[in-house]
Trainee: 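Take a look at the following structure, please.
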Amino acid sequence: MKLLLLLLAFCSLSLSRCEEKSVPYDYSATIECLEDPHKPQYNGGIIVNPDLQNGSHGWSQFANAKIDFREFGGNKFVVARGRNQSYDSVSQKVYLQKGLLYTFSAWLQVSRGKAPVIAIFKKNGEYKHAGSVIAESRCWSMLKGGITIDESGPAELYFESEDKTVDIWVDSVSLQPFTQEEWNAHHEQSIHKTRKGAMRIRAVNSLGEPVPNATISIVQNRLGFPFGCEVEKNILGNKAYQDWFTKRFTVTTFANEMKWYSTEAVRGKEDYTTADAMLRFFKEHGIAVRGHNIVWNDPKYQLSWVTSLSGNDLYNAVKRRVSSVVSRYKGQLLSWDVVNENLHFSFFESKMGPQASYYIYALAHSIDPRTTMFMNEFNTLEQPGDSGSSPARYLGKLRELQSIRVAGNIQLGIGLESHFNTPNIPYMRSALDTLAATGLPIWLTEVDVQAPPNVQANYFEQVLREGHAHPQVKGMVTWSGYSPSGCYKMCLTDGNFRNLPTGDVVDKLLREWGGLRGQTTGLTDADGFFQASLFHGDYDISIAHPLTNSTVSHCFKLNSDDSQPSPFVVHV
């Protein structure tokens with residue numbers, strides 16, 4: 001009977017959604033711990049009694065927890081206590097439909113100290129992680145996440161914490177479903193607001209009179225949104241590779257050539273020859289370079305001579321490395337990945353103490369204060385179940401770096417590697433929302449997809465579209481190349497630079513975003529005006545007079561500051 005009621009409720013919901021306008025997406029997230037929780041997003045979506053105003057209605061005990069419905073200062077919430085297992089909790093049953101994308105949020109508190117709390121949906125014996133947060137006592141923290149499912153059916157939401165000594169407090173829960181059409185509409189709305197601008201052109205003659213029916217042709221020479229691909233040294237001297245690469249991308253990252261193990265294989269013998277040559281090539285072609293990386297915290301990738309050092313010897317070697325590579329490329333790079341993957345790994349902390357990252361960031365900033373210093377990490381977007389690199393953990397490390405006291409604040413950036421298997425797109429968007437609340441620039445730094453060939457290109461396109469549409473993502477670099485280079489997880493072309501399906505995705509999106517010399521044409525109206533909505537970037541414009549056949553050409557740049565530009569007046 002309960003299942004039937006859930007099905008009827010869902011069918012009713014689906015019909016009403018078809019009759020209503022698309023539900024706008026709420027990009028907001030809160031990263032402060034607050035005295036009172038906010039109201040549930042989307043009024044709770046399909047969650048029953050989302051703000052606990054109706055006591056126990058819709059909520060029940062999960063496993064062996066004891067649950068209380070409490071009120072404090074006018075705010076009502078539920079508490080799961082007496083927890084002997086991590087999953088002892090409070091829960092609500094919901095019905096989930098295949099094909100919908102669910103965004104989730106909740107406000108959580110624990111009875112003492114701090115503890116990670118995970119939102120989980122149990123369905124057919126499977127456990128889907130929707131997101132996590134590090135909850136605190138005496139204030140409320142927002143968890144934001146999301147899920148998709150493979151098969152329609154009933155599921156049960158509950159909250160889990162490995163710390164069984166804490167009570168879990170829950171309030172303002174929301175689970176909002178979106179159709180794929182609605183999700184795509186969110187992309188379009190965000191792109192129109194964030195990535196595009198209106199270009200107004202007015203054609204006039206030598207007397208300043210409007211010229212109607214003048215032919216306008218606008219060609220985009222360069223994308224305004226930084227989009228690129230990693231590269232290796234085999235691009236040097238390979239004309240076909242160079243032509244393929246420079247036609248498409250505006251930014252790159254050297255896969256290995258700036259790393260410590262490449263530039264100082266033998267202690268004291270530095271060799272930057274390859275990195276220098278690569279940097280010269282990309283400068284000549286106007287392609288920006290991300291610095292990757294100053295040091296890497298993974299013990300697996302340390303040179304043997306580095307691992308043999310300790311104490312002052314290691315300290316001096318690290319200081320020399322940071323000083324050498326950062327000063328050499330000072331002011332020439334778009335950004336630096338500083339202590340690569342220092343949520344998952346801690347080689348330098350284990351050798352130099354817990355302040356190792358603090359010291360390395362401070363030193364790099366002191367040498368090159370105008371270059372943005374990135375945290376670069378994997379699984380923050382890709383794996384909701386990886387608690388070590390969750391958005392909450394990432395924020396915790398970021399706050400440590402923001403506390404560094406140096407001359408001038410360190411310009412920090414959020415680097416998200418984005419090595420996906422099967423993307424959880426609602427979770428990806430919610431994780432971006434959470435990190436976007438910092439106000440810092442976000443980059444997807446190493447995008448690729450390891451998946452079967454029949455779905456790889458589709459998943460790759462989903463990730464790129466999601467990144468491009470998010471208002472706080474400022475650039476993307478794919479981690480892929482061409483076949484003989486030994487691609488990491490994914491290639492874009494074969495050995496003859498013929499696109500693979502993933503390469504076709506790149507070209508498709510570039511054309512859609514105005515790249516590959518995308519062209520816009522039209523005629524001026526009776527008052528000599530022509531207006532178009534264009535992606536930010538660099539453009540060439542030509543205007544042909546309808547009577548004299550004379551043509552004039554100009555170039556212009558459209559950026560995010562030109563949302564309401566004055567008419568660009570052209571004499572023809």
Trainee: Please confirm whether the ring centroid of Phe121 lies under 6.0 Å from the ring centroid of Tyr102.
Mentor: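 Between Tyr102 and Phe121, which both carry aromatic rings, the centre distance is not below 6.0 Å.
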Trainee: Below 30° counts as parallel, above 60° as perpendicular, anything between as tilted: where do the rings of Tyr25 and His186 land?
Mentor: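 Tyr25 vs His186 ring planes: tilted.
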Trainee: Is Ser390 close to Ser132 at the side-chain level, that is, under 4.5 Å between some pair of heavy atoms?
Mentor: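 Side-chain contact under 4.5 Å: yes.
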Trainee: Could you tell me if the ring centre of Tyr482 sits under 6.0 Å from that of Tyr241?
Mentor: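 Aromatic pair counts; centres sit under 6.0 Å.
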Trainee: Just say parallel, tilted or perpendicular for the rings of His468 and Trp513, cut-offs at 30° and 60°.
Mentor: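 Correct class here is parallel.
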Trainee: Do the side chain of Thr380 and the main chain of Ser389 share a donor and acceptor less than 3.5 angstrom apart?
Mentor: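 The answer is yes, because a donor-acceptor pair under 3.5 Å joins these two groups.
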Trainee: For residues Phe254 and Val289, determine if any side-chain heavy atom of one lies less than 4.5 Å from a side-chain heavy atom of the other.
Mentor: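 Phe254 reaches Val289 side chain to side chain.
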Trainee: Hey, are the side chains of Ser174 and Ile47 touching, using non-hydrogen atoms and a 4.5 Å cut-off?
Mentor: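 They are not in side-chain contact.
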Trainee: For the side chain of Ser111 and the backbone of Asp167, is there at least one donor-acceptor N/O pair under 3.5 Å apart?
Mentor: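 Side chain of Ser111 to backbone of Asp167: a pair is present.
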Trainee: So, applying side-chain hydrogen bond (donor to acceptor under 3.5 Å, both in side chains) with Thr263, which one of Glu257, Arg328, Glu270, Arg321 is it?
Mentor: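 Checked Glu257, Arg328, Glu270, Arg321 against Thr263; only one passes side-chain hydrogen bond (donor to acceptor under 3.5 Å, both in side chains): Arg321.
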Trainee: Would you please indicate if the ring centroids of Phe245 and Phe282 are separated by under 6.0 Å?
Mentor: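 Phe245 vs Phe282: aromatic centres under 6.0 Å.
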Trainee: Sequence neighbours left out, what passes ring pair (Phe, Tyr, Trp, His ring centres under 6.0 Å) with Tyr301? Give chain and number order.
Mentor: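 Result, ring pair (Phe, Tyr, Trp, His ring centres under 6.0 Å) vs Tyr301: Trp296.
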Trainee: Enumerate the side-chain hydrogen bond (donor to acceptor under 3.5 Å, both in side chains) contacts for residues 471-481, please, sequence neighbours excluded, ordered by first and then second residue.
Mentor: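 Passing the test, one end in residues 471-481: Thr478-Ser480.
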